[in-house]
Every structure is written in structure tokens, then in C-alpha cells.
Amino acid sequence: MARLAGKVACVTASTDGIGFAIAHRLAREGARVVISSRKANNVQTAVDKLKNEKLDIHGTVCHVSKSDDRTRLLNETMEKYGKLDILVSNAAISPVFGNILETQESEWDKIFDVNVKAAFFLIKEAIPYLEKQKNSSIIIVSSIAGYSPFELIGAYSVSKTALLGLTKALVNPCTEKGIRINAIAPGVIKTKFSQALWNNDEAKTSEVIPFHGCAMGRVGTPDECASTVAFLASNDASYITGETIVVGGGMSSHL
Ligand code: NAP
């Protein structure tokens with residue numbers, strides 16, 4: 001399928017996990033893709049993997065909360081491919097586990113800096129490029145935890161709720177510029193990030209996820225998120241904006 005032929009995409013935090021799967025999928029659907037993350041060696045490894053499949057990929061270092069890195073990401077995209085049609089804001093961190101009331105101010109600031117503030121400013125900085133293209137689109141990676149907070153990652157969950165709000169807050173300003181903006185809210189997806197949830201004794205001895213009522217009773221895969229992002233980025237989703245699609249195997253998803 002070449003739904004995204006001719007398009008240029010930028011995906012943050014895309015050297016592993018869901019971001020890597022998104023970059024891979026967008027490229028397999030015909031897009032030229034700029035991948036990025038904090039560590040140069042991770043970027044190089046991911047670029048090599050994708051180029052081995054003869055996909056059109058460029059890689060650069062971008063720690064999303066560093067303003068200079070965001071500027072470089074967009075500048076390099078322009079230098080390499082000359083335009084931007086699809087922006088996927090995927091980066092997030094969850095550095096603390098435990099009771100939300102134990103969260104330190106510095107930890108709260110770090111979580112919101114990377115997960116919310118950097119997402120907003122990258123989008124703001126990318127809009128002048130996206131508005132020049134027809135059918136351009138932004139996809140934010142939120143989380144099921146944004147709907148029903150996970151007890152041990154409370155501050156992270158609240159930051160993901162903020163992204164649901166950000167998606168809605170940006171609909172009108174983006175529509176005025178001809179850009180669609182949507183989000184996905186993954187459930188528990190098998191990546192390093194969520195290892196504690198699927199790689200423990202209870203999960204290993206049970207086929208069924210024992211929490212948050214996952215109707216399908218299994219963890220999801222990064223590819224299952226990537227296919228949803230590819231749909232939202234494509235013209236198949238031309239009348240969809242301001243929405244969040246839950247990719248959660250039937251997990252509860254109401255605010
Ligand atoms: P992951 O497998 O741990 O991948 C993390 C990726 O992010 C790596 O490429 C890492 O590379 C990069 N990264 C980390 N911090 C970064 C930063 N500040 N700036 C740029 N890149 C950064 O994580 P994942 O599970 O794929 O998570 C991706 C997104 O999905 C996140 O927004 C997460 O909240 C969301 N999500 C995940 C799940 C899940 O169950 N896995 C569920 C719901 C939502 P470097 O180390 O080189 O920076």
C-alpha cells in the first residue's frame with residue numbers, strides 16, 4: 001500500500017518501541033521519514049535497520065524538551081526533504097513510580113516539560129511548515145492512562161490527560177491552517193517503557209492482563225499503534241480531526 005507516497009513525516013522518540021514502529025509503518029506506506037531520539041547511537045542503529053529495508057529515512061538527534069534540538073529537527077527535515085506533511089509527537093517519559101502524593105516538584109516539572117510542553121512547542125514550531133502542504137496532519141501519542149490514571153504513574157497519567165486536552169485545544173487553530181490534528185491513546189503495549197506491566201511474575205503466568213479490564217486480555221503491539229497512526233496521517237482520515245483513537249484492546253476509556 002502506498003497511501004503516504006510523496007509525503008514527508010517527522011516522528012519523535014522513534015528509535016525504539018511505538019515511535020520506531022510508527023516510523024517503519026509510515027515509510028512502508030511510502031513516506032520519507034525523519035526519525036529522532038536523544039542518543040546518537042540509537043538514531044544510527046534505527047536508521048541502519050530501516051535503510052536495510054530500502055526505506056527513505058533520515059535520522060537526527062532530538063531531545064524534545066531542548067528547544068535547539070527541536071529547531072534542528074525541523075531544519076534538517078527541510079534541508080533533506082524540503083517539506084513536512086506529517087508530524088508525530090510521540091516522546092514521553094515516566095521517571096517515577098509510586099503514590100502520586102510522593103511526587104517531587106522537580107519530577108513533576110520534568111514529566112510535564114517533556115510530555116506536554118515539548119509536544120506543544122514542537123507542534124507550534126512545525127505548523128508554519130505543515131500549513132504549506134495540502135492534507136497535512138499532526139498525531140499526538142497520548143495514553144489510556146490519560147483517561148483512567150494508573151495508580152503508580154499518577155503524574156505521567158495527568159500529563160497524558162493534558163494531551164487529550166491539547167488535541168482538542170488545537171483543532172480550530174489547526175483547521176484554519178488546513179491541518180488535521182488527532183491523537184492515539186495506546187493501552188498496554190509491549191515495549192521497554194511498559195516492561196514492568198507485562199514482564200512480571202503475574203503477567204508471565206497468566207495469558208490475561210490482570211488489571212484495568214482489558215477486554216481482549218492481552219498486551220498490544222507497537223505495530224497495532226503504528227497502523228492507527230498511518231490511517232490518521234492518510235487521506236483515508238480526511239474528515240477526522242480533534243479525535244483520540246484508543247488502541248487498547250477494549251480497556252476502559254472514559255474521563
Ligand atoms: P520506549 O519503547 O521506551 O521508547 C522510547 C523511545 O523514546 C526511544 O526511542 C528513546 O530513545 C526515546 N526517547 C525517550 N525520551 C526522549 C526524549 N526526551 N526526547 C526524544 N526521544 C526520547 O517507549 P514506548 O512504549 O514506545 O512509548 C512511546 C510513547 O507511547 C510514549 O509517549 C508513551 O507515553 C506512549 N505510550 C506507551 C504505552 C506502552 O504501554 N508502551 C502505553 C500508552 C502510551 P533515546 O533513549 O535515544 O532517547
Side-chain angles (χ1 to χ4, degrees), residues 10-25 33-47 49-50 59-70 72-73 87-96 109-119 121-122 139-150 152-164 166-167 183-200 203 209 211-212 214 218-226 228-229 244-249 251-253:
C10 232
V11 186
T12 63
S14 45
T15 59
D16 202 356
I18 294 170
F20 180 79
I22 292 170
H24 189 199
R25 175 71 187 232
V33 181
V34 180
I35 64 167
S36 61
S37 75
R38 292 166 304 180
K39 297 178 195 134
N41 58 325
N42 290 345
V43 173
Q44 194 54 54
T45 306
V47 166
K49 266 192 216 162
L50 296 172
T60 189
V61 168
C62 176
H63 185 320
V64 291
S65 62
K66 292 186 181 166
S67 165
D68 289 350
D69 280 18
R70 294 195 303 268
R72 191 180 53 238
L73 175 68
L87 174 70
V88 183
S89 175
N90 170 63
I93 54 164
S94 182
V96 283
D109 284 346
K110 198 172 169 191
I111 290 168
F112 276 75
D113 196 36
V114 173
N115 299 6
V116 185
K117 183 177 153 189
F121 281 98
L122 179 62
I139 295 109
I140 295 176
V141 178
S142 176
S143 169
I144 194 85
Y147 289 98
S148 307
F150 283 17
L152 295 178
I153 44 174
Y156 162 86
S157 299
V158 179
S159 76
K160 291 295 183 173
T161 310
L163 294 179
L164 303 176
L166 183 63
T167 306
I184 64 163
V188 180
I189 307 298
K190 199 169 186 176
T191 69
K192 277 189 206 131
F193 185 86
S194 59
Q195 215 164 2
L197 295 175
W198 51 264
N199 197 17
N200 56 39
I209 301 174
F211 50 81
H212 286 279
C214 175
R218 67 168 175 86
V219 291
T221 66
D223 286 342
E224 288 173 316
C225 297
T228 310
V229 170
T244 299
I245 298 185
V246 176
V247 187
M251 284 171 89
S252 170
S253 56

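Read the numbers this way: they start at 1 and go in the same order the structure lists the ligands and their atoms.
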Subject >> Closest contact, heavy atoms only, Leu163 versus Asn115 >> reply: CD2-O, 3.3 Å
Subject >> For atom 45 (P) of ligand 1, closest protein heavy-atom neighbour >> reply: Ser37 OG, 3.5 Å
**OP:** Would you check, one step at a time, whether the test side-chain contact (heavy atoms from CB on, under 4.5 Å) holds for Ile111 with Val96?
**Re:** CA-CA 9 Å; Ile111 290 168; Val96 283; 4.1 Å; yes
Original post:
Are any of the protein's heavy atoms under 4.0 angstrom from atom 39 (C) of ligand 1, yes or no?
Top reply: yes
**OP:** Have a look at Ile18 and tell me which of Thr191, Val229, Asp223, Val247 forms a side chain to side chain contact (heavy atoms under 4.5 Å, CB included) with it.
**Re:** Thr191
Subject >> Nearest heavy-atom neighbours spanning Thr161 and Gly146 >> reply: OG1-O, 2.7 Å
**OP:** May I ask whether Lys190 places a heavy atom under 4.0 Å from ligand 1?
**Re:** no
**OP:** May I ask whether Gly187 places a heavy atom under 4.0 Å from ligand 1?
**Re:** yes
**OP:** Drop me the distance from Ser14's OG to Leu50's CG, to the nearest 0.5 angstrom.
**Re:** 9.0 Å
Original post:
To the nearest 0.5 Å, how far apart are CD in Gln44 and NZ in Lys39?
Top reply: 16.0 Å
**OP:** First locate atom CZ of Phe193, then atom OG of Ser94, and finally report the distance between them rounded to the nearest 0.5 Å.
**Re:** 5.0 Å
Original post:
Hey, which atoms in ligand 1 end up nearer than 4.0 Å to a heavy atom of Gly17?
Top reply: 2 (O), 26 (O)
Original post:
Any idea which protein heavy atom is nearest atom 6 (C) of ligand 1, and the distance to it?
Top reply: Ala13 O, 3.7 Å
**OP:** Kindly compute the distance separating OG1 (Thr228) from CD1 (Ile184), expressed to the nearest 0.5 Å.
**Re:** 6.0 Å
Subject >> Numbered atoms of ligand 1 (with element) below 4.0 Å of Lys39, judged on heavy atoms >> reply: 46 (O), 47 (O)
Original post:
Do any nitrogen or oxygen atoms of Ile18 lie less than 3.5 angstrom from nitrogen or oxygen atoms of ligand 1?
Top reply: yes
Original post:
Does Cys62 approach ligand 1 within less than 4.0 angstrom via side chain, backbone, both or neither, non-hydrogen atoms only?
Top reply: backbone
Original post:
At their closest point, which heavy atom of Ala13 faces which heavy atom of Asn90, and how far apart are they?
Top reply: O-ND2, 3.0 Å
Original post:
If every non-hydrogen atom of Ala118 is compared with every non-hydrogen atom of Val64, which pair is closest and at what distance?
Top reply: CB-O, 3.3 Å
Original post:
Starting from atom 23 (O) of ligand 1, which protein heavy atom do you reach first, and at what distance in Å?
Top reply: Phe193 CB, 3.2 Å
**OP:** Provide the number and element of each atom of ligand 1 under 4.0 Å from a heavy atom of Asn90.
**Re:** 28 (C), 29 (C), 30 (O), 31 (C), 32 (O)
**OP:** Quick one: do Arg72 and Asp69 satisfy salt bridge (Lys or Arg N to Asp or Glu O under 4.0 Å)? Show the steps, please.
**Re:** CA-CA 5 Å; Arg72 191 180 53 238; Asp69 280 18; 3.5 Å; yes
Subject >> Taking atom 44 (C) of ligand 1 as the reference point, the nearest protein heavy atom with its distance >> reply: Ser142 O, 3.3 Å
**OP:** Quick one: look up the protein heavy atom nearest atom 19 (N) of ligand 1 and list residue, atom name and how far away it is.
**Re:** Val64 N, 3.2 Å
Original post:
Counting both backbone and side chain atoms, is some N or O of Ile93 under 3.5 Å from an N or O of ligand 1?
Top reply: no
Original post:
Backbone or side chain, does any N or O of Ser143 fall under 3.5 Å from an N or O of ligand 1?
Top reply: no
**OP:** Please could you name the atoms of ligand 1 that Asn42 approaches to less than 4.0 Å, counting only its heavy atoms?
**Re:** 45 (P), 46 (O), 47 (O)
Original post:
Any N/O of Ile189 closer than 3.5 Å to an N/O of ligand 1?
Top reply: yes
Subject >> Protein heavy-atom partner closest to atom 25 (O) of ligand 1 - residue, atom, separation in Å >> reply: Thr191 OG1, 2.5 Å
**OP:** Could you give me the CA-CA distance, side-chain angles and deciding distance for Cys225 and Ile189, then say whether side-chain contact (heavy atoms from CB on, under 4.5 Å) is met?
**Re:** CA-CA 8 Å; Cys225 297; Ile189 307 298; 3.7 Å; yes
Original post:
Among all protein non-hydrogen atoms, which one is nearest to atom 35 (C) of ligand 1, and what is the separation to 0.1 Å?
Top reply: Val141 CG1, 3.8 Å
Subject >> Minimum heavy-atom distance Ser36-Val11, with the two atoms named >> reply: OG-O, 3.4 Å
**OP:** In sequence, state the C-alpha distance, the side-chain angles, and the governing distance for Asn42 and Thr15, and then conclude on side chain to side chain donor-acceptor pair (under 3.5 Å).
**Re:** CA-CA 6 Å; Asn42 290 345; Thr15 59; 4.5 Å; no
Subject >> Where ligand 1 meets His63 - atom numbers and elements under 4.0 angstrom, heavy-atom basis >> reply: 18 (N), 19 (N)
**OP:** Give a yes/no on ligand 1: does Ala46 have at least one heavy atom closer than 4.0 angstrom to it?
**Re:** no
Original post:
What atoms in ligand 1 come closer than 4.0 Å to a heavy atom of Ala92?
Top reply: 31 (C), 32 (O), 34 (O)
Subject >> Nearest-contact summary for atom 34 (O) of ligand 1 - protein heavy atom, Å >> reply: Tyr156 OH, 2.5 Å
**OP:** Of all the heavy-atom pairs spanning Phe112 and Ala155, show the shortest one and how long it is.
**Re:** CE1-O, 3.7 Å
Original post:
Applying a 4.0 Å heavy-atom criterion (strictly less than), which segment of Ser94 is in contact with ligand 1: side chain, backbone, both, or neither?
Top reply: neither
**OP:** Would you mind finding which of Lys110, Gln195, Lys192, Arg38 brings a heavy atom closest to atom 46 (O) of ligand 1?
**Re:** Arg38
**OP:** Number the atoms of ligand 1 from 1 as they appear, then name those within less than 4.0 Å of a heavy atom of Val188, with their elements.
**Re:** 40 (O)
Original post:
Is ligand 1 under 4.0 Å from a heavy atom in the side chain of Asp16, in the backbone, in both, or in neither?
Top reply: both
Original post:
How many angstroms lie between CD1 in Ile245 and OG in Ser253, if you round to the nearest 0.5 Å?
Top reply: 12.0 Å
